[in-house]
Amino acid sequence: MLEAVQTGNLLFLSGMLPTEGRSAKFIGRVGAELDVETGRKAAYLAGLNALAVAREHLGSLDKVTRVIRLGVLVATAGDVRDQPKVADAASDLLQDVFGKDKNPCRMVYGVASLPLGAPVELELIFEVAG
């Protein structure tokens, strides 16, 4: 499975996890093993990993003309409703890198579990220059 697929001027990234090397740096669910702030750190690291994959694929992040979509899956326990607060860390990172004028539309999902036991997984769609 590929981390990045480009078709035309769109670059799709999926399965961006908060990993260092091939291991999850954060393991657990927000509201059970992890608090919201730790979930935010995980979302930020997943965002950094996404930027690294995009840069590797494109050669430079300067080729990104717009962040189209950010999908954030947050593994939570029980009736946790703080998924948007966790997702904000990834959104803030993208805004810091690309600017407010390139903010994406965003979907945030609460899920029961994610690969490697990670608390967060991201998917992104970028518009890129040809």
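Treat the numbers as computed from the prediction; the structure is a model and nothing was measured. Side chains are part of it too, since the values below use all heavy atoms of this structure and drop only hydrogens, waters and symmetry mates.
- Remark: the backbone N or O of L58 is paired with a side-chain donor or acceptor of K63 at under 3.5 angstrom.
- Between A75 and G28, the closest heavy-atom pair is CB-O, 4.5 Å.
- No path of Ile, Leu, Val, Met, Phe, Trp and Tyr side chains, each step under 4.5 Å between heavy atoms, connects L17 with F12, placing them in separate hydrophobic clusters.
- Connection of L73 to V80 is not established within any shared hydrophobic cluster, with ILVMFWY side chains joined at heavy-atom distances below 4.5 Å, either directly or through further cluster members.
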In a table with atom names and distances, give each donor-acceptor pair under 3.5 Å that connects a side chain of residues 102-120 to protein atoms at least two apart or in another chain.
residue, atom, partner, partner atom, Å
K102, NZ, V64, O, 3.4
N103, ND2, Q95, OE1, 3.1
R106, NH1, D88, OD1, 2.9
R106, NH1, S91, OG, 2.9
R106, NH2, D88, OD1, 3.2
Y109, OH, R69, NH2, 3.0

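- I125 is not connected to M16 by any chain of hydrophobic side-chain contacts under 4.5 Å among Ile, Leu, Val, Met, Phe, Trp and Tyr, and they are in different clusters.
- Counting only residues at least two apart or in different chains, side chain to side chain donor-acceptor pair (under 3.5 Å) contacts with residues 3-13 comprise Q6-H57.
- Under a hydrophobic clustering in which Ile, Leu, Val, Met, Phe, Trp and Tyr are joined whenever their side-chain heavy atoms come within less than 4.5 Å, directly or via other members, L34 and V86 fall into different clusters.
- Counting all heavy atoms, side chain and backbone alike, A54 lies closest to L61 at CB-CD2, 3.9 Å.
- Going from atom CZ of R40 over to atom CG of L45 covers 14.0 Å, rounded to the nearest 0.5 Å.
- No path of Ile, Leu, Val, Met, Phe, Trp and Tyr side chains, each step under 4.5 Å between heavy atoms, connects L2 with L13, placing them in separate hydrophobic clusters.
- Between L124 atom CG and I68 atom CD1 the span is 11.0 Å, to the nearest 0.5 Å.
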